[in-house]
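These notes are about the structure you will find just below.
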Amino acid sequence: MWPQHGGNSSAIQNLLTMKGIDGGSNMLDFSANLNPLGIPDIVVQTMQKSLLQKSTVYPDPSYIEERRILASVEDVKMENIWLANGGAEAIFLVAHLFKGKRAGIFQPAFSEYERASRIHQLHIKHCSYEDLKDSESFIQDTDLFFLCRPNNPTGEMLTEDKIVRLLETAKQAGQYIVVDEAFVHFSGSSLAHLLGAFPNLILLRSLTKIFAVPGIRLGYVLAHEHIIQKLASLSVPWSVNAMALSVIHALPDTKDLLIAAKEWLAEEWQYVRNELLELNFQVSDTTVNFYLLRDPHLQNHEPLLLFLAGEGILVRHTVNFPLIEGNAIRLAVRTREENMVLLKALRKWRNASC
């Protein structure tokens with residue numbers, strides 16, 4: 001069975017070996033949605049300093065200093081922020097908060113929304129992400145809704161006007177909208193400024209995608225004060241360690257780097273997109289550093305996935321994404337050199353299939 005998430009290269013390689021495919025030990029990993037520009041030097045330096053100076057003492061369990069830094073960056077109050085051990089813990093904390101109630105999930109979406117909801121005994125209602133674009137009626141008979149903006153796995157971005165209409169409808173019915181902004185740094189369009197007007201808005205954030213440090217688990221929640229207080233009461237003490245906290249201290253010094261990453265992505269995606277369309281592949285209308293790719297000649301895309309693995313390229317399957325279920329593959333936007341390797345392999349696939 002394919003692993004649940006991208007970036008699990010060892011599990012993918014083991015599965016490929018079972019299928020008789022040896023892509024080599026230095027496979028290019030297009031399955032994980034990380035910033036290919038790598039870890040900023042300032043982040044590395046701050047983590048090293050923390051390792052030497054902070055590892056021998058317990059962190060502040062309320063994360064006061066780090067929440068103040070984030071409050072300044074996000075232009076919200078410290079009381080509107082709570083830290084978590086990665087975006088995944090933030091998802092599970094919110095699901096715990098609504099334990100036993102009714103959750104809606106706009107699909108296709110990150111699988112952890114459903115997993116967290118099931119673990120915390122929420123009754124789940126699935127709705128189509130495509131249908132959401134045209135109506136707010138899908139939020140009926142729910143207590144909260146999970147949606148991803150930008151969406152994972154498509155990279156598409158719902159407009160802010162659409163989110164506002166959804167929030168207004170939900171507010172009248174006493175419902176909450178949970179918006180996962182794990183990839184918002186690549187698109188630059190956060191909804192944090194809406195928190196004051198909508199106490200029913202809960203935002204989930206991550207710093208590990210943009211800084212390419214998924215092993216340093218760091219996420220946070222932006223929400224009304226009463227939600228933050230409840231999340232704090234449900235949290236495991238010291239779930240965020242000193243090394244992860246240090247990344248927040250580097251954040252104010254990375255503004256130029258974040259701008260550069262967005263500018264790089266816009267240019268690189270235009271290049272990759274044009275090349276893929278020229279090869280008669282279909283791609284999602286992404287705004288971030290990953291995209292869905294479809295070969296119009298395929299339904300099940302496992303043959304393409306296995307072909308690319310044989311060329312030394314790991315990509316993300318879509319078997320566990322509802323409404324896609326293997327009818328595409330997801331790829332990251334990598335460096336120009338790496339993207340050229342991918343495009344060469346896809347030309348080989350296209351030539352062989354013609």
Side-chain angles (χ1 to χ4, degrees), residues 3-8 11 32-35 39-40 43-44 46-51 53-71 73-74 76 78-99 109-120 122 144 146 148 152 178-185 190 192 202-223 227-251 254:
Q4 282 286 98
H5 304 295
N8 193 350
N33 310 326
L34 302 175
N35 187 348
I39 309 174
V43 173
V44 174
T46 306
M47 287 194 295
Q48 289 174 334
K49 182 178 178 181
S50 176
L51 179 63
Q53 298 181 359
K54 302 288 188 177
S55 297
T56 58
V57 296
Y58 284 96
D60 171 8
S62 297
Y63 316 119
I64 297 296
E65 186 176 2
E66 290 77 21
R67 289 163 65 202
R68 281 176 178 160
I69 294 171
L70 284 172
V73 171
E74 300 285 359
V76 298
M78 183 190 72
E79 291 78 12
N80 295 128
I81 299 173
W82 188 249
L83 302 189
N85 189 290
E89 187 188 40
I91 294 169
F92 276 72
L93 278 173
V94 170
H96 190 179
L97 184 63
F98 291 88
K99 186 179 180 73
F110 187 41
S111 61
E112 295 302 329
Y113 308 144
E114 180 164 356
R115 183 164 175 262
S117 296
R118 293 195 183 281
I119 286 175
H120 291 292
L122 278 81
L144 77 158
F146 286 99
C148 197
N152 181 10
V178 183
V179 182
D180 188 348
E181 293 189 331
F183 298 96
V184 75
H185 294 101
S190 173
I202 301 174
L203 299 177
L204 310 179
R205 300 291 289 275
S206 171
L207 290 177
T208 56
K209 311 293 187 184
I210 191 66
F211 292 145
V213 286
I216 304 296
R217 306 301 301 147
L218 178 62
Y220 55 101
V221 181
L222 298 171
I227 292 291
I228 297 301
Q229 291 170 0
K230 291 180 180 179
L231 293 176
S233 70
L234 296 173
S235 296
V236 175
W238 305 294
S239 73
V240 185
N241 63 58
M243 187 75 76
L245 293 172
S246 71
V247 176
I248 295 174
H249 289 262
L251 189 57
T254 62

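Because only heavy atoms are used, hydrogens play no part in the values below, and waters and symmetry mates are left out as well, while side chains stay in.
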Worksheet item: For H96, which residues count as a ring pair (Phe, Tyr, Trp, His ring centres under 6.0 Å) partner, sequence neighbours excluded?
Response: H120
Worksheet, complete the sentence: Tightest non-hydrogen contact, residues S235 and W82, listed as OG-NE1, 2.8 Å
Fill in: Those residues that, when tested against R118, pass salt bridge (charged side-chain N to carboxylate O under 4.0 Å, His left out) (two or more places apart)
E114
Fill in: Minimum heavy-atom distance between V247 and V43, given as atom pair plus value
CG2-CG1, 4.2 Å
Practice prompt. Mind checking the CG-CZ spacing from L122 to F98? Nearest 0.5 Å is all I need.
Written response: 8.5 Å
Item to complete: Please check if the side chain of S190 supplies one atom and the backbone of A192 the other of a donor-acceptor pair under 3.5 Å.
Response: yes
Item to complete: Give the minimum heavy-atom separation between V76 and N80, together with the two atoms involved.
Response: CB-OD1, 4.0 Å
Worksheet item: Once you round to the nearest 0.5 Å, how far does CG of L203 lie from CG of D180?
Response: 9.5 Å
Discussion item. A side-chain contact here means heavy atoms from C-beta on lying under 4.5 Å apart; do S206 and K209 qualify?
Written reply: yes
Worksheet item: Just wondering, are more than 12 heavy atoms of other shown residues or ligands nearer than 6.0 Å to NZ in K99?
Response: yes
Worksheet item: Where is the tightest heavy-atom contact between I39 and A212, given as atom of each residue plus distance?
Response: CG1-O, 3.6 Å
Worksheet entry | Between Y220 and E74, a side-chain donor and acceptor under 3.5 Å | yes
Discussion item. Measuring only between side-chain heavy atoms, which start at C-beta, is V221 closer than 4.5 Å to L93?
Written reply: no
Worksheet item: With a 4.5 Å limit on heavy-atom distance, are the side chains of L144 and V94 in contact?
Response: yes
Practice prompt. Determine the minimum heavy-atom distance between N35 and I210, stating which atoms define it.
Written response: ND2-O, 2.9 Å
Practice prompt. Find the distance between CD1 (I228) and CE (M78) and round it off to the nearest 0.5 Å.
Written response: 11.0 Å
Worksheet item: Does E112 come within less than 4.0 Å of R115, counting only side-chain N to carboxylate O?
Response: yes
Discussion item. Set out, in order, the CA-CA distance, both residues' side-chain angles and the distance that settles side chain to side chain contact (heavy atoms under 4.5 Å, CB included) for I248 and L83, then state yes or no.
Written reply: CA-CA 10 Å; I248 295 174; L83 302 189; 3.8 Å; yes
Worksheet item: With a 4.5 Å heavy-atom cut-off, do P214 and L34 have their side chains touching?
Response: yes
Worksheet item: Looking at side-chain heavy atoms only, is the closest gap between V179 and I202 below 4.5 Å?
Response: no
Fill in: Heavy-atom side-chain proximity of R217 to T208 below 4.5 angstrom
yes
Worksheet item: Hey, does the side chain of R67 reach the backbone of I81 with a donor-acceptor pair shorter than 3.5 angstrom?
Response: yes
Discussion item. Determine whether a donor-acceptor pair (N or O, by modelled atom type, separation under 3.5 Å) exists between the side chain of N85 and the backbone of E89.
Written reply: no
Worksheet item: Roughly how far, to the nearest 0.5 Å, is CD of E181 from CG of L204?
Response: 8.5 Å
Worksheet item: Less than 4.5 Å apart, any side-chain heavy atom of Y113 and any of I91?
Response: yes
Response to the item:
Closest heavy-atom pair, H249 versus T46, reported as atoms and distance to 0.1 Å, is CB-CG2, 4.1 Å
Response to the item:
To the nearest 0.5 Å, atom OG of S246 lies from atom CG of L51 at 9.0 Å
Fill in: All side chain to side chain donor-acceptor pair (under 3.5 Å) counterparts of Y63, not counting sequence neighbours
none
Discussion item. Does any part of the side chain of L222, heavy atoms only, come nearer than 4.5 Å to the side chain of L70, both counted from C-beta?
Written reply: no
